[in-house]
Structures are given as C-alpha cells and as structure tokens.
Amino acid sequence: MTGQAKFGVVTDGGLDAYADLKNSVPVAPFSVNFGSVSRRTHEISREDLLRELATNPEHPTSSQPTPQDWADAYRAAGTPEVLAVTISAGLSGSRNAAEQATQVTEGAKVTIHDSRTLSAAQAFQVHAAVTAAERGESMGTALDWMKALEQETELYFTIETLEYLRRGGRIGRVQATLGGLLNLKPVITVDKTTGAYTNLARVRSYRSAIEAIATQMTTRFGEGTPLRLGLLYGSERADADALLKAVQARHPVIWAGFAGVNPVLNIHTGPRTVGIAAAPGAWPWER
C-alpha cells in the first residue's frame with residue numbers, strides 16, 4: 001500500500017471472485033430460492049447447488065440484494081466514503097437496491113458504479129477499485145480505471161443447454177438470435193450498449209462452442225495480442241482448462257485465474273458452463 005485509502009469498496013453477488021485479484025470486499029448477497037426455501041448465496045455451496053439442480057423438480061429462482069443487504073455492506077466497508085460496484089442494471093435490479101440503501105445509510109458517502117457486466121469482468125473492475133483505494137488514489141481515478149476496463153474487457157460464455165436460461169426468463173435476445181433451436185450451443189456476451197445478454201455465435205456442439213469463444217476473442221483483440229484472462233467453469237473444471245489451451249494457441253497469456261461460477265449465476269446457466277473475461281495488455285495503472 002502506497003497511500004492512505006480514501007474510500008472502501010463493496011460489491012454484490014454478481015461477482016465471481018478470484019484469489020489472485022483484489023476481490024475480498026464486503027458483498028451484498030443475492031438469494032437462491034427453491035420454492036419457499038430461500039438461501040443466501042454464501043450459505044449454499046456450489047456442490048449443494050449443482051445437486052439441487054440435478055435432483056429438485058422445482059426450478060430455482062434468484063433474488064437481488066435488498067436495500068438492507070447493501071446498507072450492511074456499506075457499514076462493513078468501515079470507511080466514511082464507499083464505492084459500490086454493481087452487476088449490470090441490464091441484468092438485475094441490484095443497482096436500484098444499492099441506490100435505495102444510500103437513503104438509510106448514515107455516516108457514509110456512497111458512490112455507485114454500474115459495472116455494466118458481471119462475473120469475471122465485474123471482478124476485474126473490483127480489482128481496479130481496490131487497487132486505487134490501496135494506493136491512496138481518488139474516487140475519480142478508481143472510476144476512470146473501471147470505465148477503461150469496462151470498455152476493453154469482453155465476457156464470453158457458453159452453456160450446454162438453454163433450458164435453464166429459458167426457465168429463469170433470462171433468454172431474451174439470445175433465443176431470438178438462435179431462432180428457438182434449443183439444441184444449438186450459443187456463444188453469449190454482454191452487450192456494451194444495453195448491459196444485457198446477447199448471442200454472438202451458434203454451433204452444434206459444446207466443444208465447438210469452446211473453440212468459438214477462442215475465435216471470437218481473436219476476432220475482437222487480434223491474433224497475438226497479450227491477454228489477461230479470468231476463466232469460469234460450472235460443473236467441469238476441465239472445460240476452463242480446454243478454453244485456456246485454445247486461447248494460448250493464439251495469444252500470449254500474461255495472467256490467468258480460475259473461478260467456479262457462483263450459485264446465483266449457475267441457476268441461470270445450468271450445471272455445465274464455461275466462460276472467460278478477457279482484456280488486452282497491462283492493467284490501466286501499469287501503463
């Protein structure tokens with residue numbers, strides 16, 4: 001730490017955290033609901049969730065953090081000024097809850113930043129925010145770094161079946177571009193304009209979808225561009241290893257981390273999913 005932190009950082013359960021990034025911050029949790037039984041995402045393990053998906057006839061739903069959850073996170077930051085990094089407002093009402101919480105939180109000045117993404121890409125932005133805080137940088141600098149990452153980071157994922165997105169009502173533009181053919185495997189991203197899911201490609205097999213993600217990354221960044229990668233996996237860690245290998249065939253990888261998809265996201269993707277957040281070159285503060 002090179003300076004006195006001027007603010008604390010909090011986020012919500014849209015985050016998939018990486019051990020090698022500065023992601024250990026207070027979290028306003030989502031909830032996973034199986035009928036009348038509701039559990040916070042930190043109260044259910046990935047293994048329990050995958051078992052429920054396989055055996056429970058009732059499809060789970062998710063609930064965004066409440067304003068009280070956010071207020072608790074603001075207090076847990078322990079600083080007079082707080083930076084809240086939310087999942088995309090195009091995917092969840094978490095940001096609205098974060099804003100409501102500011103009205104009942106005394107003694108803390110809260111700045112809310114919509115990451116316009118989720119999961120591993122949200123983790124990159126939280127890492128930037130905490131890095132800025134630890135270096136004694138201003139809130140403005142933290143926001144600049146996160147906005148730079150928002151623009152240069154791409155999040156891609158694929159799923160073995162669209163059934164879980166369909167059940168959860170999250171399929172929207174993805175299904176529209178697939179023409180309703182549930183046997184096709186999509187390559188999905190978060191649209192930078194809407195902050196919602198959209199489909200980039202459709203292929204016949206899950207293995208082909210992994211290769212299609214690597215191809216999409218090369219199309220986006222250019223072959224040979226050094227990349228930082230946050231890899232994601234559902235029930236099969238080997239899927240993320242296969243994706244990393246496909247990317248390494250086209251790009252130098254200057255950092256790679258692995259994280260299991262958290263329960264609230266897993267109920268929408270289904271058990272088997274693989275994804276990646278990718279950004280080119282060095283972090284903004286290293287340039």
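Only a predicted model underlies this, so the values are computations on that prediction, with no experimental measurement involved.
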For the side chain of [X] and the backbone of [Y], is there at least one donor-acceptor N/O pair under 3.5 Å apart?
{"X": "Asp191", "Y": "Thr198", "value": "no"}
{"X": "Ser205", "Y": "Ser208", "value": "yes"}
{"X": "Thr158", "Y": "Pro186", "value": "yes"}
{"X": "Ser45", "Y": "Asp48", "value": "yes"}
{"X": "Ser119", "Y": "Ala121", "value": "no"}
{"X": "Tyr74", "Y": "Lys109", "value": "no"}
{"X": "Asn266", "Y": "Gly270", "value": "yes"}
{"X": "Lys185", "Y": "Glu160", "value": "yes"}
{"X": "Arg46", "Y": "Val261", "value": "yes"}
{"X": "Thr79", "Y": "Glu81", "value": "yes"}

Please answer: with hydrophobic residues joined when any side-chain heavy atoms are less than 4.5 Å apart, are [X] and [Y] in the same cluster?
{"X": "Tyr197", "Y": "Phe30", "value": "yes"}
{"X": "Leu200", "Y": "Val203", "value": "no"}
{"X": "Leu149", "Y": "Val190", "value": "yes"}
{"X": "Phe124", "Y": "Val27", "value": "no"}
{"X": "Trp70", "Y": "Leu91", "value": "no"}

Closest contact, heavy atoms only, [X] versus [Y]:
{"X": "Ala97", "Y": "Pro65", "result": "CB-O, 3.3 Å"}
{"X": "Pro29", "Y": "Thr41", "result": "CB-OG1, 3.9 Å"}
{"X": "Gly90", "Y": "Ala196", "result": "O-CB, 3.9 Å"}
{"X": "Pro226", "Y": "Ile254", "result": "CB-CG2, 4.0 Å"}
{"X": "Pro26", "Y": "Ala77", "result": "CG-N, 4.0 Å"}
{"X": "Ser88", "Y": "Gly195", "result": "OG-O, 2.6 Å"}

Separation of [Y] [atom2] from [X] [atom1] (nearest 0.5 Å):
{"X": "Leu244", "Y": "Leu231", "atom1": "CG", "atom2": "CG", "answer": "5.5 Å"}
{"X": "Gln64", "Y": "Ser92", "atom1": "CD", "atom2": "OG", "answer": "5.0 Å"}
{"X": "Ile210", "Y": "Lys245", "atom1": "CD1", "atom2": "NZ", "answer": "12.0 Å"}
{"X": "Arg287", "Y": "Trp145", "atom1": "CZ", "atom2": "CH2", "answer": "11.0 Å"}
{"X": "Ile188", "Y": "Asn199", "atom1": "CD1", "atom2": "CG", "answer": "6.5 Å"}
{"X": "Leu118", "Y": "Asn262", "atom1": "CG", "atom2": "CG", "answer": "9.0 Å"}

Requested in this report: Would you check, one step at a time, whether the test side chain to side chain contact (heavy atoms under 4.5 Å, CB included) holds for Val187 with Arg202?
Outcome: CA-CA 6 Å; Val187 174; Arg202 51 187 179 182; over 6 Å; no
Are [X] and [Y] side-chain neighbours, meaning at least one heavy-atom pair lies under 4.5 Å?
{"X": "Ile276", "Y": "Leu155", "value": "no"}
{"X": "Leu232", "Y": "Phe258", "value": "no"}
{"X": "Val32", "Y": "Ile267", "value": "yes"}
{"X": "Thr273", "Y": "Phe157", "value": "yes"}
{"X": "Tyr164", "Y": "Leu53", "value": "yes"}

Requested in this report: Only one of Arg116, Glu150, His113 passes side chain to side chain donor-acceptor pair (under 3.5 Å) with Gln125; say which it is.
Outcome: His113
Requested in this report: Would you please test Glu99 and Arg95 for salt bridge (charged side-chain N to carboxylate O under 4.0 Å, His left out) and show each step?
Outcome: CA-CA 6 Å; Glu99 290 173 345; Arg95 176 176 178 163; 3.0 Å; yes
Report task. Sequence neighbours left out, what pairs pass side-chain hydrogen bond (donor to acceptor under 3.5 Å, both in side chains) with at least one residue falling in residues 213-228? Result -> Glu152-Arg228, Glu154-Arg220, Thr215-Arg250, Thr218-His251
Query raised in the report: Does anything in residues 229-240 pair up under side-chain hydrogen bond (donor to acceptor under 3.5 Å, both in side chains), and if so which pairs, sequence neighbours excluded?
Result: Tyr206-Asp239, Arg237-Asp241, Asp239-Arg272
Query raised in the report: Any chance CD of Glu286 has more than 12 other-residue heavy atoms, nucleotides or ligands included, within less than 6.0 Å?
Result: yes
**Report entry** Over 12 non-hydrogen atoms of neighbours within 6.0 angstrom of NZ in Lys192
**Finding:** yes
Report task. Verify salt bridge (charged side-chain N to carboxylate O under 4.0 Å, His left out) between Asp72 and Arg75, making sure each step is shown before the conclusion. Result -> CA-CA 5 Å; Asp72 291 344; Arg75 281 190 287 271; 2.8 Å; yes
Requested in this report: Take Asp12 and Gln122, measure what side-chain hydrogen bond (donor to acceptor under 3.5 Å, both in side chains) needs, and give me the verdict at the end.
Outcome: CA-CA 10 Å; Asp12 60 29; Gln122 186 173 339; 3.0 Å; yes
Query raised in the report: Taking the six-membered ring for Trp, are Trp285 and Trp283 parallel (under 30°), tilted (30 to 60°) or perpendicular (over 60°)?
Result: parallel
Report task. Would you please test Thr102 and Ile112 for side chain to side chain contact (heavy atoms under 4.5 Å, CB included) and show each step? Result -> CA-CA 9 Å; Thr102 64; Ile112 297 173; 4.1 Å; yes
Requested in this report: Apply the test side chain to side chain contact (heavy atoms under 4.5 Å, CB included) to residues Asp69 and Thr66: give CA-CA distance (whole Å), side-chain angles for both, the deciding distance (0.1 Å), then the verdict.
Outcome: CA-CA 5 Å; Asp69 291 328; Thr66 66; 3.1 Å; yes
Query raised in the report: Which hydrophobic side chains are connected to Leu15, either touching it within the sub-4.5 Å cutoff or through other members that do?
Result: Phe7, Val9, Val25, Leu83, Val85, Val126, Val130, Met139, Leu143, Met146
Report task. Begin with the C-alpha distance, continue with both residues' side-chain angles, and end with the deciding distance and a verdict on side chain to side chain contact (heavy atoms under 4.5 Å, CB included) for Asn33 and Ser62. Result -> CA-CA 6 Å; Asn33 314 303; Ser62 61; 5.6 Å; no
